[in-house]
Peer 1: 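Before I ask anything, here is the structure I am working with.
Atoms considered below: every heavy atom in the structure, side chains included; atoms not considered: hydrogens, waters and symmetry mates.
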Amino acid sequence: MGLLLSYNSEGRLEFIEVTPAAEVTFNGVGLIGRPLNEVVTELASHGAYGESDSFGAEFTQSGFSLFAPNVDADETAIVEGVSVFPRGYYG
């Protein structure tokens, strides 16, 4: 299925990681299996803006982040995973 689920101490789902086995889109934009720089550019054209970091890009206001290993060495690194979280999870 391609989902890894994390629960808080109260037993509530608080974090979802999606792997390539699942097809994931946001506003019609495919998120997995594509170069990070292309995904970020396409998301921005749909009004979703994120902040890049050494693991990929985080879209805090939209509630997800993109995991692209080696993005520091290669700006065309492929997105291998998506994490989904509630507002306020980070920060």
Peer 1: Are the ring centres of F64 and F85 closer than 6.0 Å?
Peer 2: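 For F64 and F85, the ring centres are not under 6.0 Å apart.
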Peer 1: Does some side-chain heavy atom of I16 sit less than 4.5 Å from a side-chain heavy atom of L4?
Peer 2: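 Answer no - side chains too far apart.
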Peer 1: OH/Y7 to CZ/R12 distance, rounded to the nearest 0.5 angstrom?
Peer 2: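 Y7 atom OH to R12 atom CZ measures 13.0 Å (nearest 0.5 Å).
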Peer 1: To check you understand the geometry: which heavy-atom pair defines the closest contact between A77 and V71, and what is its length?
Peer 2: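 Minimum heavy-atom separation between A77 and V71: CB-CA, 3.8 Å.
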Peer 1: Do you know the tightest heavy-atom contact between F26 and A48?
Peer 2: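 Shortest heavy-atom separation between F26 and A48 comes out as CE2-CB, 3.8 Å.
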Peer 1: Is the number of heavy atoms from other residues, nucleotides or ligands within 6.0 Å of CG (D74) greater than 12?
Peer 2: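 Counting neighbours around CG of D74, more than 12 heavy atoms of other residues, nucleotides or ligands fall under 6.0 Å, so yes.
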Peer 1: When you look at L31 and T25, which way does the side-chain contact (heavy atoms from CB on, under 4.5 Å) test go after all the steps?
Peer 2: CA-CA 6 Å; L31 302 179; T25 63; 5.6 Å; no
Peer 1: What's the spacing between E80 CD and L66 CG if we round to 0.5 Å?
Peer 2: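 Between atom CD of E80 and atom CG of L66 there are 12.0 Å.
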Peer 1: Walk me through it: do I32 and V82 pass the test side-chain contact (heavy atoms from CB on, under 4.5 Å)?
Peer 2: CA-CA 7 Å; I32 292 183; V82 177; 3.6 Å; yes
Peer 1: I'd like to know if the side chain of N8 reaches the main chain of G11, judged simply by a donor and an acceptor atom lying under 3.5 Å from each other, with no hydrogens or angles considered.
Peer 2: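 Yes, the answer is positive, given that a donor and an acceptor are paired below the 3.5 Å cut-off.
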Peer 1: With rounding to the nearest 0.5 angstrom, report the OH to CD distance, Y49 to Q61.
Peer 2: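 Going from OH on Y49 over to CD on Q61, the span is 13.0 Å.
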Peer 1: Is it true that, when you exclude F55 itself, more than 12 heavy atoms of the residues, nucleotides or ligands shown sit nearer than 6.0 Å to its CZ?
Peer 2: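 Not more than 12 within 6.0 Å, no.
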Peer 1: Taking atom CD1 of I78 and atom CG of L36, what is their separation to the nearest 0.5 Å?
Peer 2: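 So the gap between those two atoms works out to 9.0 Å.
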Peer 1: Would you sort out whether V29 and R34 count as a side-chain contact (heavy atoms from CB on, under 4.5 Å), showing the intermediate values?
Peer 2: CA-CA 10 Å; V29 177; R34 299 178 54 206; 3.7 Å; yes
Peer 1: What distance do N27 atom CG and L43 atom CG have between them, rounded to the nearest 0.5 Å?
Peer 2: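 Going from CG on N27 over to CG on L43, the span is 8.0 Å.
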Peer 1: Has S45 got a side-chain atom pairing as donor or acceptor with E42's backbone, closer than 3.5 angstrom?
Peer 2: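 A pair under 3.5 Å: yes.
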Peer 1: Hey, what do you get for OG (S65) to CZ (F15), rounding to the nearest 0.5 Å?
Peer 2: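 These two atoms lie 5.5 Å from each other.
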Peer 1: Checking V39 against T41 for the side-chain contact (heavy atoms from CB on, under 4.5 Å) test, could you report, in this order, the C-alpha distance in whole Å, the side-chain angles of both residues, the deciding distance, and whether it holds?
Peer 2: CA-CA 5 Å; V39 175; T41 298; over 6 Å; no
